[in-house]
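Quick note: numbers below take in every heavy atom, side chains included, and nothing from hydrogens, waters or symmetry partners. Quick note on labels: first sequence line is chain A, next is B, and so on, each numbered from 1.
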Amino acid sequence: MNFAFNQDQQLLKNSARAFLDEHCKSALVRALGDDPRGESEAMWKDMAQLGWLGLSLPETYGGSGLGMVETAIVLEEMGRAAYPGPYFPTMLAAGAVALAGGAEQKSRWLPAIATGSARATVAFLDAQLDWEPSAPATRADKTASGWTLTGTKHFVPWAHVADVLLVPARAPEGLSLFLVDPSAPGLKLTPVTGIDLGARWTSLALDGVPVRADALLGESGQAAALLARLLRRGAVGAAAEMLGAARRCLDMSVAYAKVREQFGQPIGAFQAIRHRCAEMLLEVENSHAATYYAAWAIDARAEDEALAASVAKAYVGEAARKVCGEAIQVHGGIGFTWEYDLHMYFKRAKALEAQYGDAEYHRELVLDHVAK
Amino acid sequence: MDLNYSPEDRAFQAEVRRWFETNLPRHELRTPDERKTWHRTLHDAGYVGMGWPRQYGGGGATPMQQAIVADEMARVNAPPTINGLGIGIVGPTIIVHGTEAQKQRYLKKILAAEELWCQLYSEPNAGSDLASLKTRAEDKGERFEVTGQKIWTSGGLIADWGLLLARTDSTVPKHKGISCFLLTMRQPGVEVRPLRQITGSAQFSEVFMTQARVEKSDLIGRLGQGWEIAQTTLSYERGGNSLARVTRYASALNQLVKAARELSRGGRPLIDDPLVRSRLGRIYAELEVQRYAALRVLSALQKGEAPGPASSITKLSYSEFEKRMHELAQEILGPWGQVTAGAPDDFSEVDTSSGEPGTWATAFLWSRAGTIYAGSSEIQKNVIGERVLGLPKEPRADRTKA
């Protein structure tokens, strides 16, 4: 048993840290926060060069064939840098194509994604905002050439830059997953702005959107299991990003507590601050254990994979919010200013806490697993 | 990363599980003699002092093998060894700091529970501030003479020997004037009084020493090295057994889920109440996180890395968790929670995490101990803040003053 990263994983972590330190400074995050598109094309191309976009895709389609642990390593660093862009939604959608797609779907999308020429996303939530993978009420009605989709999707990340949308809908055979062209007739995209400078949401109104027969991903009526798998990956990925945000806030707080003086001493010498920082570290270390255990469990197809993913999402969501919030408290007034970077992480953590299943949803899953 | 148990560890686990299925005592062990017999059965099977070096009678086992045995014991709620402190703390201290003669004299008898040990550290006015202890050991030529009082001494009543910290020099700053000794409890100068604790039982004692004798040959390490030695001892105390702990917590939580099925509110089982579900879901998620954290520590130990101050994080984490868990249990169990006798079995017997049998009430009360013993939560946070995060120390006069 080895809980530490292997040499390749450590190298990946180091290079991700170095790249993001150099190319994803807070000035860029702030500038993109004001930009309607919200992401940097140059950074996307660089990430393709680094192999991040094909990280977990099969080697036959230009990927590196790595797993959730490696994805989490990159995402943790992205959380640490408040990286703005569609990296993770694209990875999730590409993962679904790799898992369930036919040969043509794979060759159409995977190499394009790995080389940075295409982006993708997944529309998990219907109007009712129910994370249960079997919940979507959006309808898929049969036509001569395929289906038409009718319904509403909310909180679709980065749909405005995506080249393809994965849309779950209820076909006569049951829940199915479709690859939808964002420019299809009858599809209306409305941007939704949240507190996270580096996130972009979209609401989709689908009014009889035509999709061709070959747009079906996997078997018709069989999408619930695949969506559950995607949601688990989503939960663990979000945990990794929240962990990164929390660790950054802890680092900033400790550095600040060492130099900021009050009453003639660095504030870190006071137990009120020192104990707060110790509690923050405890939450960060527990979050690390939870996130990477779950990422490993997904890669290993371990028996407790689903449980571990829900544990990670439920635990880290709360922990990261607490740590990022405590960081503001340690910094006092300066921590509350727009000028200082802390709020970017606090907001990232808060926004992700509600994504891929909030804590209440995942606690319910945890109890389902253990109360069987 | 690879969190799979190796095939060898899996095979070992299966073997240990079978052994406990066959050999687990069928009834509660009541007397020290019964507990010694169980200890010797474990010893014969190679499950006592597993991690000690072979040359001192140990098994030379890996941290993973030790964790597996502890975990399997927890799984079947097996009674603990009677010489836990001897095996876990005193023996390792002698192995690291003792002379060859001390090793020959004491180690085998610790392993076989021929001599039982306690730890004479805390004093009424020296708990978290252990270095301010007042018990004196005076050099009387051919021996030391010890006078003072210790408190919170686990197993004091049955102990034959104690690992003692006492002041040998009061003219130097307080951390520097302390020495570490082996003291026989079976002498006229030592009086042990049971100390009844919050749970109603008396696992602790007070120990009064009046001109008690310690042979010169029973000084551990150098004169004045006691504080340093105690630090290694405490890190043993904060080390390895986390996985077994989590297994004990899980066994209590599974019982709580069972109780939530049988009790009801508003005419429906508690387990169907969304509020109860949410809280049980959260505590279970926290339990799993304790398990992952334990595996992480174990993986570091396995590679020969000392857990060091990071073990403070684990200790803080699980002891605070244990309190939250039992607070929730009390809320869910309602009036049954605080009952000490006369409840139906389902609502009474539970794994108390202390290794001793008990009720939910005992477990709830016992959970208050974890954040006090072996370095309180406040001390752990100081250690984490100073030694892990590198935050400045509080200005403290006692670090320089004699």
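The ring-ring contact (aromatic ring centres under 6.0 Å, His included) check on A:Phe124 picks up A:Tyr356, with sequence neighbours excluded.
The candidate with the highest count of non-hydrogen atom pairs below 4.5 Å against chain A, out of B:Leu280, B:Val289, B:Val388, is B:Val289. By number of non-hydrogen pairs under 4.5 angstrom with chain B, the leading residue of A:Ala297, A:Ala308, A:Ala359 is A:Ala308.
For B:Met1, the parts sitting under 4.5 Å from any heavy atom of chain A are the backbone and the side chain alike. When heavy atoms are compared at a cutoff of 4.5 Å, A:Val254 approaches chain B by way of both its backbone and its side chain.
Annotation for A:Ala278 and B:Gly385: closest pair CB-N, 4.4 Å, computed over non-hydrogen atoms.
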side-chain contact (heavy atoms from CB on, under 4.5 Å) between B:Ile313 and A:Leu281, intermediate numbers included: CA-CA 8 Å; B:Ile313 299 175; A:Leu281 179 66; 3.6 Å; yes
Pair A:Ile273-B:Leu391, side-chain contact (heavy atoms from CB on, under 4.5 Å): steps then yes or no: CA-CA 10 Å; A:Ile273 300 295; B:Leu391 287 167; 5.7 Å; no
Residues 234-244 of chain A side chain polar contacts: donor-acceptor under 3.5 Å, at least two apart:
residue, atom, partner, partner atom, Å
A:Glu241, OE1, A:Arg348, NH1, 3.0

Donor-acceptor pairs under 3.5 Å, chain A to chain B, main chain and side chains both?
residue, atom, partner, partner atom, Å
A:Asn2, N, B:Asp2, O, 2.6
A:Asn2, O, B:Asp2, N, 2.8
A:Asn2, OD1, B:Lys303, NZ, 3.1
A:Phe3, N, B:Ser299, OG, 2.9
A:Ala4, O, B:Met1, N, 3.3
A:Gln9, OE1, B:Met1, N, 3.1
A:Lys258, NZ, B:Leu389, O, 3.2
A:Gln271, NE2, B:Asn382, OD1, 3.3
A:Gln271, NE2, B:Glu394, OE1, 3.4
A:Arg274, NH1, B:Asn382, OD1, 3.0
A:Arg274, NH1, B:Glu386, OE2, 2.9
A:His275, NE2, B:Glu378, O, 3.4
A:His275, NE2, B:Asn382, OD1, 2.8
A:Glu279, OE2, B:Lys381, NZ, 2.5
A:Glu285, O, B:Arg296, NH1, 3.3
A:Glu285, OE1, B:Arg296, NH1, 2.8
A:Glu285, OE1, B:Arg296, NH2, 3.0
A:Asn286, ND2, B:Ser317, OG, 3.0
A:Asp304, OD2, B:Arg291, NH2, 3.0
A:Glu318, OE1, B:Arg282, NE, 3.2
A:Glu318, OE2, B:Arg282, NH2, 2.4
A:Glu360, OE1, B:Ser278, OG, 3.0
A:Glu360, OE2, B:Ser278, OG, 2.9
A:Glu364, OE1, B:Arg277, NE, 3.1
A:Glu364, OE2, B:Arg277, NE, 2.8
A:Glu364, OE2, B:Arg277, NH2, 2.8
A:Asp368, OD1, B:Arg277, NH2, 3.1
A:Ala371, O, B:Arg261, NH2, 2.3

